[in-house]
2 protein chains.
Amino acid sequence: MTTRSSTDAARVIPEATVARLPVYLRALTALADSGIRTCSSEDLATAAGVNSAKLRKDLSYLGSYGTRGVGYDVDYLRYQIAREIGVTQDWPVVIVGIGNLGHALANYSGFRSRGFRVVALLDADPGIVGQTVAGVVVRPFDDLEEIVREHDVAIGVIATPAVAAQDVADRMVAIGITSILNFAPAVVAVPEGVDVRKVDLSIELQILAYHEQRKANGADAAPATDGGAA
Amino acid sequence: MTTRSSTDAARVIPEATVARLPVYLRALTALADSGIRTCSSEDLATAAGVNSAKLRKDLSYLGSYGTRGVGYDVDYLRYQIAREIGVTQDWPVVIVGIGNLGHALANYSGFRSRGFRVVALLDADPGIVGQTVAGVVVRPFDDLEEIVREHDVAIGVIATPAVAAQDVADRMVAIGITSILNFAPAVVAVPEGVDVRKVDLSIELQILAYHEQRKANGADAAPATDGGAA
DNA sequence: AGGAGTTTGTGAACGCGGGAACAAAATGGA
DNA sequence: TCCATTTTGTTCCCGCGTTCACAAACTCCT
């Protein structure tokens, strides 16, 4: 129905679908590494831990990249999803706050292999600035603007203590960063047009604790889990 | 309508609400630390970064803990939410996989301060076993069962490489762990009754990248026949 | 005491996402 | 060529979650 050329970026993809595309991408990479060239929606859905109908609907938002009666070409679909997400190119990223978590993030190889390149590590603590982490020298937080301009950075990662998070976010936004991944246990407010995603380690544990408590409390039934695999 | 006593655990709280309760808890703690004794739903909603109507509806699933015309008693509400989530007691947790991320998790003070106690660090690598991390000696993965029985552990954290994740999960489930927090970039399948939550660092970045790409691609411009080639 | 002003708790409308079921399209065999 | 088989792409329906809007309940001032 909709005329969609291969460079048509005007289609609207539901948020829920966008959040699953990286999972499909990972599953496809795993399949490709196993030497599998073609797969059905059922196969891929199993590998990704979702329902096959949901998978097909998700993929249909991207276009018709499968062949009825046959399935999907693993490499082709992988490329199409990568292109849609935008990870065929490398995204430069800065990490602010080189504590325990920042350390781990700087060393995380999954970033580079999935389309991201850490161009700088920043910290406000003079005791940390100058240290070498993951082969990179930690620079003072005030260098943020220079680094962002030099590498045209659009994505920033906050791994500072909670109290510093809002300040860092404000500074990032002022300099032109438009996407923030926040690991600090704090709500950061940003103006319209800036995306923030948050990852809170203890919140995830608390959610598990809630369900765990209910299991223990006898209760009536199993608390429907989110992605419980079959 | 529903008769709800303070110890009634049969009420069903929507998943979306459960996921926000820890955020409210954090916001309340922040308010309490600022010396604020009472707050309105508007205040708390702002602090938590949500809509006040949503906040009130969420809290209404727990009971009527506010006072009309006045607001909420910060400490009282905080206790009620903590009790509902189940973090008035301490939950013992084991962390498997003491690489970069496991290291950071072991050192993360937010766990202990929010109701969780890391009772053991485990790794399958003999080169890591025996090291002291966060004041705890890393033990061999095979000690899992002994530790889980000794401390009555219900929650396990997986911070291993992707290939090991499913094995570790299977082992955890076999031993009786019923809640898993998975940091490995892999889908883990578990039987019914076991809860799994996953945190994938690069997936979060990929979601940001998708939106970033769309911002760059001519944004919301009217979808002319030709995809904006600007 | 009574009314004005606040703020909570909730009923109802609405929109999004999930899942089943089916039509459309491709392959392969007779 | 034509039919059976397979698997995708899509439509329809349902349930959950979000939001609006308002009645109920409490305080404070006169």
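Only heavy atoms go into these numbers, but all of them, side chains included; no hydrogens, no water, no symmetry mates. Numbered from 1 within each chain, the chains take letters A, B, ... in sequence-line order.
- Of the candidates D:dG17, D:dT10, C:dG9, the closest approach to any side-chain atom of B:Ser60 belongs to C:dG9.
- Here the C1' atom of nucleotide D:dG9 and the CG atom of A:Leu59 are 10 Å apart, to the nearest Å.
- Proximity of A:Ser41 to the phosphate of D:dT7: no side-chain N or O atom is located under 4.0 Å from OP1 or OP2.
- The distance from atom CG of A:Asp58 to atom P of D:dT11 is 16 Å, rounded to the nearest whole Å.
- When distances are taken from the side chain of B:Ser40 to each of C:dT7, D:dT18, D:dT10, the shortest belongs to C:dT7.
- One interatomic measurement links the two molecules: CG of A:Leu44 to P of D:dT7, which rounds to 14 Å at whole-angstrom precision.
- If you measure from atom CZ of A:Arg68 to atom C1' of D:dT8, you get 5 Å, rounded to the nearest angstrom.
- Side-chain atoms of A:Thr67 never come within 3.5 Å of backbone atoms of A:Val70 as a donor-acceptor pair (strictly under, hydrogens ignored).
- Between B:Tyr61 and D:dG17 there is no side-chain polar atom (N or O) within less than 4.0 angstrom of OP1 or OP2.
- With 3.5 Å as the limit, one finds a donor-acceptor pair spanning the side chains of B:Asp43 and B:Ser40.
- Side chain of B:Asn51, nearest nucleotide from D:dG9, D:dC26, D:dC20: D:dC20.
- In this model, no side-chain donor or acceptor of A:Lys57 finds a partner on the base of D:dT10 within 3.5 Å.
- A close approach under 4.0 Å does occur between a side-chain nitrogen or oxygen of B:Lys54 and OP1 or OP2 of D:dT19.
- Using modelled atom types, one finds no donor on one side chain facing an acceptor on the other under 3.5 Å when comparing B:Asp58 with B:Ser60.
- In this structure, the nucleotide among C:dG17, C:dT7, D:dG17 sitting nearest to the side chain of A:Glu15 is C:dG17.
- Here A:Arg112 does not pair with A:Asp90 in a salt bridge; the nearest charged N to carboxylate O distance is not below 4.0 Å.
- The OH-C1' distance, from A:Tyr72 to C:dA25, rounds to 13 Å in whole Å.
- Atom CG of A:Leu77 is separated from atom P of D:dT7 by 16 Å (rounded to the nearest Å).
- At the heavy-atom level, B:Glu42 lies nowhere under 4.0 Å from the strands shown.
- The distance between atom CD of B:Gln80 and atom P of C:dG9, rounded to the nearest whole Å, is 12 Å.
- A:Arg56 contributes a side-chain N or O that forms a donor-acceptor pair with the base of D:dG9 under 3.5 Å.
- Rounded to whole angstrom, the span from the CG atom of A:Leu55 across to the C1' atom of D:dT7 amounts to 12 Å.
- Judged purely by distance below 3.5 Å, without hydrogens or angles, the side chains of B:Arg83 and B:Tyr79 never pair a donor atom with an acceptor atom.
- In terms of position on DNA chain C, the residue among A:Val70 and A:Ala16 whose nearest nucleotide sits closer to the 5' end is A:Ala16.
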